Protein chains: 2
Amino acid sequence: MLNQIAASEDLVFFRPHQFLTRENERPDALFDIVEGWACRHRLLSDGRRQITALYLPGDLCDPLWSLTSTCNEPVVALTNIRATRRTLNVADGYILDRQKGFSTRLAESVERQSNWLVSLGRKTAVERLAHLLLELFERMRRAGLAYGQQCALPLTQMDIADATGLTAVHVNRTLQSMRSKGVLELHSKWLRIPDLGALRDLAALGPNDAV
Amino acid sequence: MLNQIAASEDLVFFRPHQFLTRENERPDALFDIVEGWACRHRLLSDGRRQITALYLPGDLCDPLWSLTSTCNEPVVALTNIRATRRTLNVADGYILDRQKGFSTRLAESVERQSNWLVSLGRKTAVERLAHLLLELFERMRRAGLAYGQQCALPLTQMDIADATGLTAVHVNRTLQSMRSKGVLELHSKWLRIPDLGALRDLAALGPNDAV
DNA sequence: CGAGAATTTGAATCTCTTCAATCTGCGTGG
DNA sequence: CCACGCAGATTGAAGAGATTCAAATTCTCG
C-alpha cells in the first residue's frame with residue numbers, strides 16, 4: 001500500500017466514451033490498464049463501426065503504438081478506466097523491446113488480430129460469439145480476474161456486435177439461442193461458461209489454435 | 001549482372017501450392033519476394049479458408065515472424081516464386097529492427113491487417129472488392145510493377161473470395177457488376193482501373209485511410 | 001421515481017450462400 | 001494437330017443467415 005504513493009504519479013483515469021488516443025495523433029505514452037476496458041475501433045462515414053481490438057485489465061494499450069508514427073484508429077474507454085501511464089521514447093524504437101514482456105504482448109496482439117480476421121471472414125454468428133467470449137474469458141482468467149467459470153464482461157450487445165461484425169439485434173438473438181442451449185450465461189455484465197469444452201467446440205477453433 | 005552471382009546463393013524458388021512455411025514451424029529465415037505472389041492463410045476443420053495476408057514482389061515474408069516463436073499460419077505460394085532468403089537470428093529480437101526498413105514493413109503489415117478487419121467486419125461485397133483491388137494495385141504501383149492504370153493480378157476468384165470472406169460465386173457476380181459499371185477491368189490475371197477515384201469511393205475508405 | 005440506455009421482440013427484406021450444371025481456356029499426350 | 005482433361009469462370013434457382021426498421025420492454029442510475 002505504501003509504495004502506491006510513488007506509483008500514483010503515473011495514474012490516469014478515463015470515463016466511458018473518453019478517448020485514450022484520437023485519430024492521427026502521435027501517442028507519447030502507453031497505458032498499462034489496471035482496471036476497466038477499452039477498445040480500438042474504426043468508423044465508416046455512414047456510421048458503421050468496427051472494433052479492432054479490446055483492452056482488458058493487465059493489457060498494454062497499445063503495443064502497436066511503438067511501430068507507427070501516427071495512430072490511425074482512435075482508442076476509447078468502454079468503462080471507467082484506471083491505468084498507469086508509461087512514457088514512450090519516440091526517437092528510439094529499441095527501448096520498448098527491452099521492457100519486460102513487451103515483445104510478447106505485441107506478438108499476442110498481432111496474433112489476436114489474425115484470429116479475429118478468420119472469425120470475421122469465415123465464421124457464423126454462433127462461432128464468432130463463442131470465439132470472442134472464450135477469448136475474453138481466457139484473458140480475464142490469465143489476468144487473475146476469473147472466478148471459477150465466470151468473469152466480468154462489461155460490454156453492451158452493441159459493443160459485441162461491433163467487435164464481431166454483426167448487428168446488435170442479431171447478437172441478441174444468437175446469444176439467446178446459446179443461452180437456451182446452456183452453453184453460456186450472460187446477464188448484467190457477467191459471463192459464466194458452464195462447459196468450456198462445449199463452447200470451444202462451438203467456436204470452430206483448430207486443435208492448435210490458442211483462444 | 002556480375003554481383004548476382006554472389007546474391008544467387010540466397011535465391012530460392014517455389015511452385016504454386018508449395019509451402020514457404022508450415023503450421024507450427026519455427027521459420028529460421030525471412031523471404032524477400034523478388035517475383036510471384038504468396039499468401040498466409042488459415043483453414044477451418046470443414047474446409048473454410050481465410051487468407052490473412054498477401055505477399056507481392058518486393059514484400060518481406062513475413063515481418064511478423066520476428067515476433068512469434070512458432071508460426072501458426074502456413075504461408076503458401078500462389079504462383080511461381082523467386083525470393084531471396086534472409087537468415088533470421090532467432091536468439092536476438094533486436095537485430096531485425098536494425099535491418100533497413102524492417103520496422104516500417106512490420107508496421108505496414110499490421111496496419112493492413114487492421115484494414116482487412118474493418119473490411120471483413122463491416123463492408124459489403126462491392127466495398128471489400130474495391131478495397132482489396134485498390135490495395136493490391138497501389139502495392140504493385142509502389143513496387144514499380146504497375147503500368148499506367150494496370151498491373152498483374154495473378155489471383156483466382158477463389159483466392160479473392162478467401163481474402164475477402166466471400167464465396168467465389170459471389171465474387172464472380174460482384175466483379176461482373178463492377179465491370180459492367182466500368183469501374184474496373186479484370187481478366188486473364190490482369191487488372192485495369194480506369195478511374196482510381198471512383199473505385200476509391202466504392203471502397204468506403206475514410207479520407208485519412210491509406211489504401 | 002423518472003429518463004435515457006440497453007435489451008428484447010416481430011415482421012419483412014436483402015445480401016450472400018449453396019448446390020449444380022455449363023462453359024471456357026489451356027496445357028498435355030496421342 | 002486435334003482430342004482429352006482439368007481448373008477456373010460463369011450462370012441459374014432456391015434457400016439460409018443476417019439485416020433493417022420499428023415498437024415494446026427492461027435495466028440502470030442519478
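Note that the structure is predicted; figures quoted are calculated from it, not measured. Sequence lines set the chain letters: A, B, ... in the order given, protein chains first and strands last, and positions in each chain run from 1.
- Between B:R179 and D:dT10 there is a side-chain polar atom (N or O) within less than 4.0 angstrom of OP1 or OP2.
- Minimum atom distance to the side chain of A:T156 is reached by C:dA6, of the listed D:dA18, C:dA6, D:dT11.
- Partner A:D62 forms a salt bridge (Lys or Arg N to Asp or Glu O under 4.0 Å) with one of A:R112, A:R86, A:R40, A:R105 and no other, that one being A:R40.
- As judged by a 4.0 angstrom heavy-atom cut-off over every strand, A:S188 is placed among residues touching the sugar-phosphate backbone only.
- Under a 4.0 Å N-O distance rule, the pair A:R85/A:D28 qualifies as a salt bridge.
- Using a 4.0 Å cut-off, some side-chain N or O of A:K189 falls inside it from OP1 or OP2 of C:dT7.
- Between B:H170 atom NE2 and D:dA13 atom P the separation is 18 Å, expressed in whole Å.
- A:A125 comes within 4.0 angstrom of the backbone, heavy atoms only, and of no base.
- What separates CG of A:L186 from P of C:dT8 is a distance of 9 Å, to the nearest Å.
- Between B:F31 and B:Y55, the distance separating the two ring centers is not shorter than 6.0 angstrom.
- One can place CZ of B:R48 at 12 Å from P of C:dT17, the figure rounded to the nearest angstrom.
- Residue B:D159 contributes atom CG, which lies 14 Å from atom P of D:dA7 at whole-angstrom precision.
- Regarding A:D162, its CG atom lies at a distance of 12 Å from the P atom of C:dT7, rounded to whole Å.
- Between A:Q176 and the phosphate of C:dT7, there is no side-chain N or O to OP1/OP2 separation shorter than 4.0 Å.
- For D:dG12, its base sits under 3.5 Å from the side chain of B:R173 at one donor and acceptor pair at least.
- Of the side-chain N and O atoms in A:Q157, none sit less than 4.0 angstrom from OP1 or OP2 of C:dA5.
- Distances shorter than 4.0 Å separate none of the side-chain N or O atoms of A:N172 from OP1 or OP2 on C:dT7.
- Contact check on A:R200 versus A:E138 returns no salt bridge, with no Lys/Arg side-chain nitrogen under 4.0 Å from an Asp/Glu carboxylate oxygen.
- Rounded to an integer number of Å, the gap from B:H187 NE2 to C:dT24 P is 17 Å.
- Residue-level contact check: B:R122 touches neither bases nor backbone, having no heavy atom under 4.0 Å from any strand.
- A donor and an acceptor atom, one from each side chain of B:Q149 and B:R192, are located under 3.5 Å apart.
- Mapped onto DNA chain D by nearest heavy atom, B:L155 and A:K123 fall at different nucleotides, with B:L155 at the one closer to the 5' end.
- The B:V169 side chain lies nearest to C:dT18 when the options are C:dA11, C:dT18, D:dA18.
- In this structure, of C:dA6, C:dT17, C:dT8, it is C:dT17 that holds the atom nearest to the side chain of B:L166.
- The CG-P distance, from B:D46 to C:dT17, rounds to 14 Å in whole Å.
- Taking atom CE of residue A:M158 and atom C1' of nucleotide D:dT19, one finds them 13 Å apart after rounding to whole Å.
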Give the intermediate values and the outcome of side-chain contact (heavy atoms from CB on, under 4.5 Å) for residues A:R128 and A:T124. CA-CA 6 Å; A:R128 293 185 206 189; A:T124 65; over 6 Å; no

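- Residue contacts shown for B:T124 are limited to sugar-phosphate atoms, with no base heavy atom under 4.0 Å away.
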